[in-house]
Number of protein chains: 4
Amino acid sequence: MVRNRGLLVDAARSAFAESGVEVSIGEIAQRAGVAKGTVFRHFASKDDLLAAIMLELLDRLIETADGLRDAADPGEALRELMTAGVEALAADQAFCEVVGKPSLQNAEVRAAIERFAGLVEVLTARAREEGAIRDDVTGTDIVLLLGGIQQTAAPVLGAHPDAWRRYLALTFDGLAPVHATKLPHPLPGNLQTALAAEG
Amino acid sequence: MVRNRGLLVDAARSAFAESGVEVSIGEIAQRAGVAKGTVFRHFASKDDLLAAIMLELLDRLIETADGLRDAADPGEALRELMTAGVEALAADQAFCEVVGKPSLQNAEVRAAIERFAGLVEVLTARAREEGAIRDDVTGTDIVLLLGGIQQTAAPVLGAHPDAWRRYLALTFDGLAPVHATKLPHPLPGNLQTALAAEG
Amino acid sequence: MVRNRGLLVDAARSAFAESGVEVSIGEIAQRAGVAKGTVFRHFASKDDLLAAIMLELLDRLIETADGLRDAADPGEALRELMTAGVEALAADQAFCEVVGKPSLQNAEVRAAIERFAGLVEVLTARAREEGAIRDDVTGTDIVLLLGGIQQTAAPVLGAHPDAWRRYLALTFDGLAPVHATKLPHPLPGNLQTALAAEG
Amino acid sequence: MVRNRGLLVDAARSAFAESGVEVSIGEIAQRAGVAKGTVFRHFASKDDLLAAIMLELLDRLIETADGLRDAADPGEALRELMTAGVEALAADQAFCEVVGKPSLQNAEVRAAIERFAGLVEVLTARAREEGAIRDDVTGTDIVLLLGGIQQTAAPVLGAHPDAWRRYLALTFDGLAPVHATKLPHPLPGNLQTALAAEG
DNA sequence: CATGAATGAGTCTTCATTCAT
DNA sequence: CATGAATGAAGACTCATTCAT
């Protein structure tokens with residue numbers, strides 16, 4: 001039924017968030033109060049289930065980015081988006097692992113990340129043009145930084161759940177247009193190109 | 001013999017570096033060209049082997065930090081240390097996982113991390129006092145940032161092995177004393193204290 | 001299904017009985033005609049499986065002991081109980097090993113043994129008071145003797161499956177109240193106390 | 001060298017005695033202060049080493065039995081022999097396991113047991129003819145009883161190292177010629193015949 | 001549709017035994 | 001002769017996935 005799918009998705013969401021991608025199907029099924037077989041009725045494989053959950057998170061983030069597209073203050077908008085991004089990562093162990101490891105991403109997830117990256121690129125460009133951030137920073141940088149900020153705080157998140165805000169602030173200071181030297185090793189503008197394997 | 005142990009450690013080093021802590025003993029043995037049992041001749045358990053490899057890396061880092069202790073330019077010294085730290089992380093998947101997840105650390109590894117953190121604290125203090133970095137940044141921040149910088153670059157490391165240098169530069173700019181606002185959510189000075197308490 | 005569990009328990013029962021506690025899960029699975037994983041579906045660990053089988057035997061023995069509690073002839077009742085006990089041991093290698101080695105006993109098994117020992121104590125006391133057995137024999141002695149009688153016959157059990165009856169008879173003669181000298185080295189009345197302390 | 005063999009045998013003796021036949025070759029080698037390979041230089045297999053140690057024990061027992069052959073009091077002689085036998089068993093875990101489980105016996109051990117059994121048969125016959133013990137008891141019974149008596153006390157040997165004397169006394173009372181009823185299930189006079197497998 | 005039993009490949013680890021040095 | 005490194009066959013246990021009911 002459709003209700004079971006809902007329970008399943010809820011359970012998977014919390015299980016992946018708390019325990020990461022390695023959480024077992026059995027654990028998820030148990031949390032949902034269904035049998036393991038039911039999981040595979042709704043999702044062809046564990047990877048599919050994971051992808052579905054990750055897509056939810058990505059879609060929410062895409063929506064947020066979309067809503068900030070025409071914000072009055074592009075610098076502030078970018079900061080809000082980054083806040084939302086890091087917050088989402090800090091709240092979900094599996095999300096961190098998936099966005100940080102391309103090998104865990106399937107086609108749909110990759111497409112959603114690309115979509116998100118495109119919006120980030122737009123917001124970043126606006127902020128850059130307004131002089132809110134330095135002009136050698138790209139959208140790809142911003143997307144990558146989200147995972148980095150979360151990771152910085154990760155080891156202390158148990159004791160300091162808000163620590164990521166500290167490192168977001170620090171990173172944002174690094175993005176400020178006050179810095180004279182150019183950043184080295186610029187990446188290609190497109191995230192997919194930057195990810196392009198083995199090269 | 002000693003040669004086999006060398007092969008084994010080499011194999012383990014590269015296997016852990018490429019695939020992370022979950023790489024199987026079988027894979028390591030195969031890379032080394034030995035039987036599985038041979039691995040357990042040299043290291044009592046997989047954890048012991050992992051710890052040995054991690055301690056190599058940590059010891060090298062500690063040595064580097066120690067050598068920079070009395071450097072003429074404390075700001076530059078800190079940057080060099082961070083470079084060495086991120087480079088080590090970027091080159092080793094397992095190292096990232098171990099330093100980021102206290103549950104993977106055995107007593108020796110934990111002690112080495114603590115020792116390293118102590119040296120970072122010293123270098124950070126000097127840089128702070130010299131005005132090379134802003135005065136609301138602690139050694140704990142620096143240690144945590146290493147993992148964050150690596151993580152930022154991680155998704156593109158396959159295609160751009162030096163990408164971490166870009167994000168190290170960006171982070172270092174964020175540490176510059178030009179920033180007026182204080183960082184929120186300060187952590188306790190001691191890393192162990194910051195890590196304390198699972199919740 | 002339930003049939004498979006039956007097959008599994010049957011297989012485990014006979015495998016443990018014939019080969020002792022060291023029989024492999026693979027052997028049991030093969031006898032049951034299932035895969036190894038199936039064993040772990042039904043029992044969380046080998047110890048759990050062993051405990052389940054052992055508890056069956058102990059429960060049957062406890063039931064027997066309980067049924068003999070108010071028997072008209074306490075001497076005969078004790079003999080019947082000992083017969084049941086030795087017979088159970090003679091038929092099951094693993095049972096012998098488990099009751100003889102406290103380290104193989106989990107909490108439930110230990111509790112069942114204690115319960116059985118309590119009943120034996122009662123029956124022994126009655127027999128003693130009736131003058132059916134000598135008055136320096138305790139329930140602890142009787143419990144211990146069961147394993148001893150089995151062990152006496154063990155080496156010839158292959159060729160003489162009933163040999164234990166011979167040594168039960170001999171032992172029972174030794175328990176008769178006709179003997180003038182007291183038994184040396186009396187043990188504490190309680191079995192757990194007698195077992196206490198590894199040294 | 002011959003000295004190494006001595007160290008090895010000493011180590012094996014104590015290791016087998018304390019831990020039983022399952023003690024590892026590594027443990028024995030370590031106790032002896034030699035390398036594992038050395039064990040196999042002196043003994044072709046673990047079974048051979050075990051057999052050598054067991055033969056020592058059996059030879060000592062055979063000697064004891066031989067010395068009691070012409071004792072003035074045949075009943076007392078038998079009791080002394082049984083005391084020596086049970087004491088040897090109680091002091092050696094592996095010895096118990098080997099004599100109790102024909103499958104652990106190699107040809108030499110079996111021969112020594114047979115030799116011992118022959119002597120016991122002689123002592124038993126004398127005691128029987130003197131009326132020191134009941135006349136339906138055979139040497140085979142006596143040999144088998146040794147293991148049984150040890151086993152009776154085994155579970156409490158940790159806390160009560162002399163407990164076996166209690167059960168030896170009890171058993172000896174059972175052997176007394178005061179008992180009217182014949183023992184059931186007589187075994188063939190020869191131990192090897194009684195052991196004869198699968199019959 | 002849902003169940004949960006069954007599968008089987010894969011993991012770490014132990015240990016008797018062999019053999020090059 | 002002694003060493004101890006190497007082997008490889010087991011063993012217990014886990015888990016994604018399949019499928020009969």
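Below, read A as the first sequence line, B as the second, and so on, with proteins coming before strands; counting in each chain starts at 1. It should be emphasised that the depicted structure is a prediction, and the values quoted were computed from it without experimental measurement.
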S.K.: Minimum heavy-atom separation for A:Val23 to A:Lys46, with atom names?
M.R.: O-NZ, 2.9 Å
S.K.: Sequence neighbours excluded, which residues qualify as salt bridge (charged side-chain N to carboxylate O under 4.0 Å, His left out) partners of D:Asp48?
M.R.: none
S.K.: Hey, are D:Arg5 and D:Asp10 close enough for a salt bridge, meaning a charged N less than 4.0 Å from a carboxylate O?
M.R.: no
S.K.: To the nearest angstrom, how far is D:Arg5 atom CZ from F:dA2 atom P?
M.R.: 11 Å
S.K.: For D:Asp48 and E:dA16, what is the distance between atoms CG and C1' respectively, to the nearest whole Å?
M.R.: 13 Å
S.K.: To the nearest angstrom, how far is B:Ile28 atom CD1 from E:dC12 atom C1'?
M.R.: 12 Å
S.K.: Please name the pair of heavy atoms, one in B:Arg110 and one in B:Pro102, separated by the smallest distance, quoted to 0.1 Å.
M.R.: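 That would be NH1-O, 3.6 Å.
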S.K.: Can you give the dot-bracket line for DNA chain E, where a pair is Watson-Crick or G-U wobble with both atom distances under 3.5 Å, crossing pairs use [ ], and | marks a partner on another strand?
M.R.: .||||||||||||||||||||
S.K.: Side-chain N or O of D:His42 less than 4.0 angstrom from OP1 or OP2 on F:dA2?
M.R.: yes
S.K.: With the threshold set at 4.0 Å, does a side-chain nitrogen-carboxylate oxygen contact exist between A:Asp59 and A:Arg115?
M.R.: yes
S.K.: Give the rounded distance in Å between these two atoms: CZ of B:Phe43 and C1' of E:dC12.
M.R.: 16 Å
S.K.: When the distance from CD of A:Gln30 to P of E:dT3 is rounded to whole Å, what number comes out?
M.R.: 13 Å
S.K.: Do you know which two heavy atoms are closest between A:Phe16 and A:Gln93, and how far apart they sit?
M.R.: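 Scanning both residues, the minimum pair turns out to be O-CB, 3.8 Å.
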S.K.: So, are B:Glu27 and B:Arg31 salt-bridged, with charged N and O less than 4.0 Å apart?
M.R.: yes
S.K.: Strictly under 4.0 angstrom, non-hydrogen atoms only: write out the protein contact profile of nucleotides 7-16 of chain F, one letter per nucleotide from the 5' end, B, S or -.
M.R.: BB--SSBB-B
S.K.: If you look at every heavy atom in C:Glu97 and C:Gly20, which pair is closest and at what distance?
M.R.: OE2-CA, 3.5 Å
